[in-house]
Amino acid sequence: SRACPPFCIQPTTQDKDIKNIEEVELLKFTKDKVTNNRGIVVDTRLKSWFELETIPSAVNIPYTVIQNASKAKAQKIFKILGMKVKADGTWDFSNAKELAIFDNGVWCEQSKYFIEGMIKHNYPKEKLLYYRSGFQGWKLLGLTTIVYKEIKK
């Protein structure tokens, strides 16, 4: 229904070392990791999409923020996510949060670009989870969503 490119169906996996999850695993992640401050559900879509509607507990880190980030900008973002900088300047990810990442769905590339940016700056792959069905899959199942900004007619 949409022209490909740019709206091409994305691969099932983004990287062989990044675990894919679906709805049940995302709900468990929210219950086990987010509520215990060990994980974050990341909506990688642009802010305008996030504000219209998103998955409960998701925070918005648009893919554009990390896609072409400098090392200094990546460091600032990673510190917010729990990374520490050691005295020798190396980055310590041992307490960095696990991230469950999503975008619009199977035809959307935003998570791909987000993941590429995270990996480029050495965020640990084992701390990244990819929810490929994305917001579209979540909505198709009729699961709860959050609206931050209503469309005014």
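Predicted, not measured: the structure shown is a model, and the values here were computed from it.
- Although no hydrogens or angles enter the test, the distance criterion places no donor-acceptor pair under 3.5 Å between the side chain of Asn104 and the main chain of Arg45.
- Under the 4.5 Å side-chain criterion, counting only non-hydrogen atoms from C-beta, Val59 is not in contact with Phe50.
- A donor-acceptor pair under 3.5 Å is absent between the side-chain atoms of Thr145 and the main chain of Thr54, judged by distance alone.
- At least one donor-acceptor pair under 3.5 Å links the side chain of Glu25 to the backbone N or O of Glu22.
- The structure places CZ of Arg132 at 10.0 Å from CG of Asp103, a figure rounded to the nearest 0.5 Å.
- When the shell of 6.0 Å around NZ of Lys120 is examined, it contains more than 12 heavy atoms from other residues, nucleotides or ligands.
- Across all their heavy atoms, Tyr148 and Ala58 have their closest contact at OH-O, 4.3 Å.
- The shortest distance between side-chain heavy atoms of Pro56 and Trp138 falls below 4.5 Å.
- One distance of note links OG1 of Thr30 with CD1 of Ile55; it measures 8.0 Å at 0.5 Å rounding.
- Looking only at distances, a side-chain donor or acceptor of Asp92 sits under 3.5 Å from a matching main-chain atom of Ser94.
- Taking the six-membered ring where the residue is Trp, Phe78 and His121 present perpendicular rings, their angle passing 60° and hence far from 30°.
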Steps toward side chain to side chain contact (heavy atoms under 4.5 Å, CB included) verdict (Asn20, Thr12):
CA-CA 8 Å; Asn20 280 37; Thr12 303; 4.0 Å; yes
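- Not a single donor-acceptor pair under 3.5 Å links the side chain of Glu109 to the backbone N or O of Trp107.
- A donor-acceptor contact shorter than 3.5 Å is absent between the side chain of Asp17 and the backbone of Glu126.
- Hydrophobic clustering, with ILVMFWY side chains joined whenever heavy atoms are under 4.5 angstrom apart, groups Tyr123 together with Tyr130.
- Cluster membership for Ile21 and Val42, using ILVMFWY side-chain heavy atoms within less than 4.5 angstrom, is not shared.
- Residues Tyr131 and Gly137 share a closest heavy-atom pair of OH-C, 3.9 Å.
- Follow the hydrophobic side-chain contacts under 4.5 Å out from Leu99 and you reach Trp91 in the same cluster.
- Counting all heavy atoms, side chain and backbone alike, Ala69 lies closest to Ala74 at CB-N, 4.2 Å.
- Residue Trp49 qualifies as open at atom CH2: its count of foreign heavy atoms under 6.0 Å is 12 or below.
- Using a 4.0 Å cut-off between a side-chain N of Lys or Arg and a carboxylate O of Asp or Glu, Asp88 and Lys86 do not qualify as a salt bridge.
- A donor-acceptor pair under 3.5 Å is formed between the side chain of Ser70 and the backbone N or O of Lys73.
- A side chain to side chain donor-acceptor pair (under 3.5 Å) with Glu98 is found for one member of Lys33, Lys127, Lys19 and no other, namely Lys33.
- Leu46 and Gln110 get closest at one heavy-atom pair: N-OE1, 3.2 Å.
- Remark: Gln14 CD to Phe114 CZ distance equals 12.0 Å, nearest 0.5 Å.
- Following chains of ILVMFWY side-chain contacts shorter than 4.5 Å, one can reach Leu26 starting from Leu141, so the two form part of one hydrophobic cluster.
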Given side chain to side chain contact (heavy atoms under 4.5 Å, CB included), test Ile18 with Ile119 step by step and report yes or no.
CA-CA 10 Å; Ile18 295 175; Ile119 292 170; 3.8 Å; yes
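- In this structure, Leu81 CG and Met118 CE are separated by 5.5 Å, a value rounded to the nearest 0.5 Å.
- The main-chain N or O of Asp43 is found under 3.5 Å from a side-chain atom of Asn60 such that the two form a donor-acceptor pair.
- No more than 12 heavy atoms of other residues, nucleotides or ligands shown are found within 6.0 angstrom of CD1 on Ile9.
- For the atom pair Asp15 CG and Ile115 CD1, the distance stands at 8.0 Å (nearest 0.5 Å).
- Residues Val65 and Tyr113 share a single hydrophobic cluster, defined by chaining ILVMFWY side chains whose heavy atoms lie under 4.5 Å apart.
- Ile80 CD1 to Lys97 NZ: the interatomic distance, rounded to the nearest 0.5 Å, is 11.0 Å.
- Closest non-hydrogen pair, Glu23 versus Ser133, comes out as OE2-CB, 3.6 Å.
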